Every structure is written in structure tokens, then in C-alpha cells.
Amino acid sequence: MLTFLFWNLNGKNLISSIAKLVVNHNVDILILAECNLELTPANLLRTLNPEEQKAQFHYVPDKYNHIQIFTSFRKSWVMPVAEDNKHYIMRTITLPGRDEVLLVAAHLLSQLHAKEDTLYAEAIKFAEKIRHTEIALGHSRTIVVGDLNMNPFSNGVVASSGLHGVMTQAIARKKQRKFQEVTYPYFYNPMWRYFGESADSPSGTYYYDKSGQVCYFWNIFDQVLVRPDLLNQWDDESLQILTSDGQQSFLTPKGLPDTKNFSDHLPLLFKLNL
Amino acid sequence: MTKMESLWPEEDFDVPKITAPIVILRQQAYALGQKTRNILEAEVSSHPFYMKPPRKLSPGQSVLSNIQPISMLGAIESKEEDIIQSIDEPPNALQHSFYITAPVLGGYRYRLFTVSHQPISIYPLSISFDGKTSGVNEEEGFRSALRDIFASESTKKVVQALLAQSLSETAS
């Protein structure tokens, strides 16, 4: 079982919370976006690998160090497959005796810097790159995780030429859909379930109440999407939007992200049965 | 049905208690990661190649550059051109390259030294480090040579430089 944690840190030095989360949840793959200048890969390695203990975590080299990936297993099991991009990196993960998995970690263009149609166009390019990489690898055991800066219902995430993320496994297991003579593979997007009121979970991963006429307040920009070929390994019940590091809450008393002390994004935790 | 006859000797094979050079090198690669908390790591890459038969040297004739002499008795000497793979000759030896890697610096790799040996008769093996090649005749001599390489000024310089740059590397 591999445990993944993704967190957009919004430039905050949350090294202590990261360390707690990694220990509390036995995280194997830590993926971070928007790390600040103090949160260098080397500083994180020193935190994840405390003195007097076995140094377990490795940094996965990346051309830009924009998205930082750390693994608790040897780095030779994680290999680059495509040229690194400022907004996403792709790595294969091959554990001994297991099928190779394609991990795509993303931090796509911000809504602050691009309009919806630009995000859509970029999402199409991103999805195309994933499909091309899958063809080159000869399989589509792919998982995408990150801050997509779009909601699960945004065109870039839903469109067939985009990520083609659907809200149920039943649909995703049909594997693909043909539109205008072109066949597009599905992703299962489990994040849909987090919209609205829920007793044990916040209503999204990111809160924003300053948009115009149309305002969702809660957004789910931080997402994980799973290809049908990986669904048998996907642990649906493990998916959580985390609201505390075990000691401190990431939320204010009103239940909104505590942006003063923590990130404006909440972290995602999930497991793959590999 | 006729019972198949085994022509192998009845006694068990007496497996010699040695640690293969590749294992020793991998242990040392792991040890560097532990020492630097994986800010620097090391890896060993192996490939077969053709090596001209080593020439015997008289005792004391060969030393690794700027490190203390290793086991001198029966040391061998070979030149760089001896260990370059020949396209005309089939591989008859293994070469292990020991790299120091800096994951934080985009995975930069620095080849610190290489070890070459015949696949069956492991010793004597040759070590190329800092532009010079020398040999060792047994496992303890190999460990001693590695100790010398890791303690040498030129290794320290490489490790210090890569550590300093890794620690100053920030997220973009």
C-alpha cells in the first residue's frame, strides 16, 4: 500500500505540519507545490530524515524544483518519462514485482493569472501530453494529482479532449468514449463527492469568496484522478481532505482554511494498493 | 523409466565467504545517503567490458594518486586505454562506476571512481580514481582503498561543493 500526500503550501513554511502529517499517516510519496524560499528540498530532507534515524526519504530530481516530490523508497524506482514542465512532472513508479504506474504531479496555471478559456486550452494540452506519454509507455495505469486550479466540473477537467474526469467508477470503467470519431480515455475523479455539506469533511480544498456574480465559495482545485486501469489498486475509502496535522487544525473556528497560520489549500491524502 | 543420473559431485559446493565488490560499493552508496540525510546520494552503475590482462607489478610500484598506498603486494597496474571497451573483443570483465548524485541539483551525477574486475576471479581488481589506476588483491585491501578514496581531499572537495550547492538550492 502506498500512501500519497499532496499539499499546496501557498508559500508558507509549514515544515512542522508536513513532518507530523508524514509520520501520522505513514506517507510514502509526498508531493508539495508552492514551497517558499525556506522550504528548500534540502531543508525538507533534513526534516523528513531526522538525525539519529534511518534516512528514509529521497528527493525526486526535477528540472525546476517547482513541484517537489519525496519518496520513502529508493529513487531508482522512480524514473522520469517526459521532459519536466513548470506546471507538471511525470514519473514512473515501479515497485519490485509490481506493474509500473505513471504518476503525474501538477500545479496548473493559476486562475489569478489566466482566464477560464486559457485554463481550458492548457488543460487540453496537458491531457494530450498524458495520453502521448501513456502511448509511449504502453500502458495507462496513471494517476494525476495536484492543484489543477480548476474544479472537477470545469471544462478542462470534464471535457473529453481535456482530462475527461468522470464522477463515478462505473462510468470510468467503461474506459473510453468516442466523440467526433476520436476516442478519449476516462479518468475517475473521486473529488466530486466532496461538494456540499458533509459531517466529516470540509466542502472543498480551497475557499474564495471574492469572485463576481458567480461565486462557489468552496472550490476543489486540489484533485486526484485515476485511470480505469488503476482502479483495482485505488483505495477509494482512503481519500481524505485533511483538516489538521494531528495537533493543530488547518481550519478557523468558522470552518474555513486558516490562511493566516496555514495554507489557503487543504492537503489531500489517498492510498494506492500497490 | 531410467532414473536421471546426476554427474555433479555429491558434496555441496563450498561457497567462499566473500562480499562481492558490487555489494560493498552499494553499501557505501547507501552510507553516503545516510551520512548526508539523502541530500547527497550515491549510485553504482555496472557494465561488462573488455579488459586487457593485468600486468604484475613489483611491490610498492603503484599507488592511488594523492591517497595512501593500498595493499602493495602483487598490486597491478593498468592504463586507461586498457579498460576502454574494445569493439573487437568480447567483454571479459565488469566495471562498476561509483557516482555521487545531487538529487536537489536536478539529479547531477559525478563519477568518483571506477572498479574493474574479472567476473569469476574477482581479485585482483583495479580501481581508477583521480586519473590513476591501481589494484588490490583481496577484499580487505578493497575496503581499505575505498576508505582512502572517501577520506581523500579530492573526494571531500566534491562532497563539500555538492552539499553547499544543494543546501542553497531553493524552490523556483
Side-chain angles (χ1 to χ4, degrees), chain A residues 7-15 18-19 30-80 83-87 89 91 107, chain B residues 20-48 94-115 150 155-172:
Chain A
W7 199 2
N8 177 330
L9 301 172
N10 189 33
K12 296 276 171 59
N13 188 350
L14 301 176
I15 205 156
I18 293 167
L30 171 67
I31 305 167
L32 302 172
E34 283 193 33
C35 297
N36 75 359
L37 293 179
E38 291 163 29
L39 220 55
T40 63
N43 280 345
L44 272 155
L45 278 172
R46 290 198 285 198
T47 302
L48 296 171
N49 296 323
E51 273 185 283
E52 311 300 329
Q53 286 182 31
K54 184 184 163 194
Q56 196 186 358
F57 277 87
H58 303 264
Y59 181 66
V60 176
D62 164 36
K63 189 174 172 185
Y64 299 101
N65 291 343
H66 184 66
I67 299 164
Q68 299 186 14
I69 303 181
F70 300 85
T71 64
S72 67
F73 44 82
R74 61 175 69 177
K75 62 177 185 170
S76 57
W77 298 349
V78 184
M79 299 301 287
E83 192 171 331
D84 291 339
N85 180 294
K86 278 192 174 174
H87 294 289
I89 56 178
R91 296 288 182 274
H107 182 204
Chain B
I22 180 74
V23 175
I24 295 172
L25 291 171
R26 284 188 182 140
Q27 287 169 345
Q28 296 316 309
Y30 174 78
L32 177 68
Q34 294 301 305
K35 197 171 172 61
T36 64
R37 289 146 90 179
N38 286 341
I39 293 170
L40 294 187
E41 300 188 37
E43 58 193 40
V44 184
S45 145
S46 304
H47 67 272
L94 284 172
Q95 185 176 72
H96 311 297
S97 299
F98 190 95
Y99 292 92
I100 295 181
T101 66
V104 170
L105 303 177
Y108 172 79
R109 297 200 316 170
Y110 179 89
R111 191 166 77 169
L112 189 64
F113 63 89
T114 60
V115 172
F150 296 146
T155 300
K156 275 186 196 165
K157 212 169 151 184
V158 170
V159 169
Q160 284 166 348
L162 293 178
L163 264 181
Q165 290 174 82
S166 296
L167 291 170
S168 61
E169 178 68 17
T170 58
S172 55

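Letters go in sequence order (proteins before strands), and every chain restarts at 1. Hydrogens, waters and symmetry mates are skipped; everything else that's a heavy atom, side chains included, is used. Everything quoted here is computed from the prediction, not taken from an experiment.
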Open item on the list: Has R91(A) got a side-chain atom pairing as donor or acceptor with V78(A)'s backbone, closer than 3.5 angstrom?
Closed with: no

Open item on the list: If we ignore hydrogens and angles and just use 3.5 Å, is the side chain of N10(A) paired with the main-chain N or O of K12(A) as donor and acceptor?
Closed with: no

Task: Heavy-atom pairs under 4.5 Å with chain A, option from I39(B), N38(B), V104(B), T101(B) with the top count - done: N38(B)

TODO: Considering only heavy atoms and a distance below 4.5 Å, find which of K86(A), Q53(A), Q56(A), E51(A) pairs most often with chain B.
DONE: E51(A)

Task: Under 4.5 Å from any heavy atom of chain B - which part of P50(A) - done: backbone

Open item on the list: Less than 4.5 Å to any heavy atom of chain A: does that hold for the side chain of Y30(B), its backbone, both, or neither?
Closed with: side chain

Task: Test item: Q95(B) side-chain N/O and H47(B) main-chain N/O as donor-acceptor pair under 3.5 Å - done: no

- [ ] Examine distances only and state if a side-chain atom of D84(A) and a backbone atom of I89(A) form a donor-acceptor pair shorter than 3.5 Å.
- [x] no

